[in-house]
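See structure below.
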Amino acid sequence: MKLLVIGCGQCGGRIADEFARLGKVARSQRGVDILTNILAVNTDVADLSGLVNIKSDYRHRILIGANKTGGHGVGKLNEVGAEIASEDGDKVIESIRATEKLAETDAFLLAASAAGGTGSGAISVLTHLIKERYDKPVYNMVVLPFQYEELTEGRSIYNVGTCLKSIYLVADAIFLVDNQRFVRKNASLQNNLSKINYMAVRPFYNLLCAGEETVPRYIGSKVLDAGDIIQTLSGWTVIGYGKEEISRKAGFGKSSDFRDKDAQTEQGTKAMTEALGELSLKCNPNNARRALYLATGPHEAMSMDLIKELSGALKGMATEAIIRSGDYPRGKGMIDITVILSELVNSKKVVDYFARTIEYIAASKKRQGGIDWDHRGIEESFKDIPSLF
Ligand SMILES: Nc1nc2c(ncn2[C@@H]2O[C@H](COP(=O)(O)OP(=O)(O)OP(=O)(O)O)[C@@H](O)[C@H]2O)c(=O)[nH]1
Ligand SMILES: [Mg+2]
């Protein structure tokens, strides 16, 4: 599957940069192209300059709203980010049009943080703009803030609420990535951020490569291609990745001893358990209506027994989901699993953001006097969360 990735704001730009790095790895290590283009859009010159892997010309690093912000960002006001994106959105469309391999793009992926200003405001506007012009799925990847940010800045909750509402109205699917899930103690924030970006993007590597292979020995017995992924992705979505080394005990599939086969399937299910434990946002798999997994490992390890076992394990967790799956015979000494849970019907985290945004709006309106906010239902109040486009 080939993506055209667009990063919005600082966080989104860095995530797009990580995709660009992964794209280079795919090309050099596997000889496949998984991206048709990578763009970064920002109101901030310094953020754009800090990127490493995205081409540095103005068509790939797109500065918007320079006349309004002087190139210094929008200072967390996501409605300003949205306004600038709609004024300058044609710059992004121009860059998309200039993409040499645009026709090969299977889907767009736009990334941003929900709590900031530029990315949080721009992502829904740009998604809408792209959807109006191209008949391809447009996915979003949205990063949720750290707990300390929520506690210290009321405004960030409001940004998250308005961003989530707006993207839900336009994007075909939204990958949720929770910063707080990835916090590792004893590391500086900057290191954490790069690590989080790596961990958020890493699960896409095999997923995107699998369907692009042309060498017969790397083509699975059940290929997971763009069609399967597009069929799976809908609404709120999470992604996870797990890996397990194939121990000597399990051999490398060459042994016909039944105990070795057994050990291999056991390692496969361990990797599946890890992937489900490391989802980009904590959620109950029973809330997913669609799911997908890809098993990657040495040719000999990709047995029907393994696939049967893995499907059973996922079905046992995501009981309400239609499950798609594939195998990808590539790599050595390791079985790794990528899992996607999609069309989540109930995410506590998302519902909480909406509720807190409504509280935030109610509190600020109450301060201004007027409406009896204490006696309004959630349905009625939901309408009061402004949409950004
Ligand atoms: N995972 C991850 N989160 C980030 C990164 N950079 C910023 N964030 C998070 O993103 C939020 C802040 O949003 P930014 O992306 O910096 O904001 P922006 O879109 O550039 O908007 P303005 O700077 O306000 O114009 C906070 O919740 C940060 O924790 C990053 O590289 N990775
Ligand atoms: Mg910024």
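Each ligand, and each atom within it, is numbered from 1 in the order the structure gives.
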Practice prompt. Give a yes or no on whether Met317 atom CE has more than 12 heavy-atom contacts from other residues, nucleotides or ligands under 6.0 Å away.
Written response: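 Counting neighbours around CE of Met317, 12 or fewer heavy atoms of other residues, nucleotides or ligands fall under 6.0 Å, so no.
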Find out whether [X] and [Y] are in side-chain contact, i.e. whether some heavy atom of one side chain is under 4.5 Å from a heavy atom of the other.
X      : Y      : value
Ile15  : Met141 : yes
Tyr168 : Ile174 : yes
Thr237 : Arg290 : no

Worksheet item: Which word best sums up how the rings of Phe204 and Phe175 line up, parallel for under 30°, tilted for 30 to 60°, or perpendicular for over 60°?
Response: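 Geometry flag for Phe175 against Phe204: perpendicular rings.
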Worksheet item: Would a line drawn from the ring center of Tyr218 to the ring center of Tyr328 be shorter than 6.0 Å?
Response: no
Worksheet item: How far apart are the C-alpha atoms of Ile93 and Arg133, what are their side-chain angles, what is the distance that settles it, and do they pass the side-chain contact (heavy atoms from CB on, under 4.5 Å) test?
Response: CA-CA 9 Å; Ile93 297 296; Arg133 282 168 180 74; 3.7 Å; yes
Give me the residue, atom name and distance of the protein heavy atom closest to [atom].
atom                    : value
atom 25 (O) of ligand 1 : Thr118 OG1, 2.6 Å
atom 17 (O) of ligand 1 : Gly116 CA, 3.6 Å
atom 29 (O) of ligand 1 : Glu149 OE2, 2.9 Å
atom 5 (C) of ligand 1  : Cys11 CB, 3.5 Å
atom 1 (N) of ligand 1  : Asn179 OD1, 2.8 Å
atom 19 (O) of ligand 1 : Gly119 N, 2.8 Å
atom 24 (O) of ligand 1 : Lys76 N, 2.9 Å
atom 13 (O) of ligand 1 : Ser113 OG, 2.9 Å

Practice prompt. Tell me, please: is Asn197 in heavy-atom contact with ligand 1, that is, under 4.0 Å?
Written response: yes
Worksheet item: Are Val74 and Leu388 joined in one hydrophobic group, where the rule is that I, L, V, M, F, W and Y side chains link up if heavy atoms are under 4.5 Å apart?
Response: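 No; tracing contacts between hydrophobic side chains, which count when under 4.5 Å, never links both residues.
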Worksheet item: Transitively linked via ILVMFWY side-chain contacts under 4.5 Å: Ile84 with Tyr58?
Response: no
Worksheet item: Which one holds for Val143 and ligand 1: side chain close, backbone close, both close, or neither close, with close meaning a heavy atom under 4.0 Å?
Response: side chain
Item to complete: Provide the closest heavy-atom pair for Lys315 versus Ala321 in the form atom of the first, atom of the second, distance.
Response: NZ-O, 2.8 Å
Worksheet entry | Cationic N near anionic O, under 4.0 Å, Glu212 to Lys2 |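 Answer for the salt bridge query: yes.
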Discussion item. Counting only heavy atoms, tell me which of Gln180, Arg14, Gln10 gets closest to atom 31 (O) of ligand 1.
Written reply: Arg14
So if I count the atoms of ligand 1 from 1 in the order they appear, which ones are less than 4.0 Å from some heavy atom of [X]?
X      : result
Gly73  : 25 (O)
Pro145 : 27 (O)
Gly9   : 19 (O), 20 (O)

Would one find an N or O of [X], backbone or side chain, under 3.5 Å from an N or O of ligand 1?
X      : result
Ile196 : no
Val74  : yes
Phe146 : no

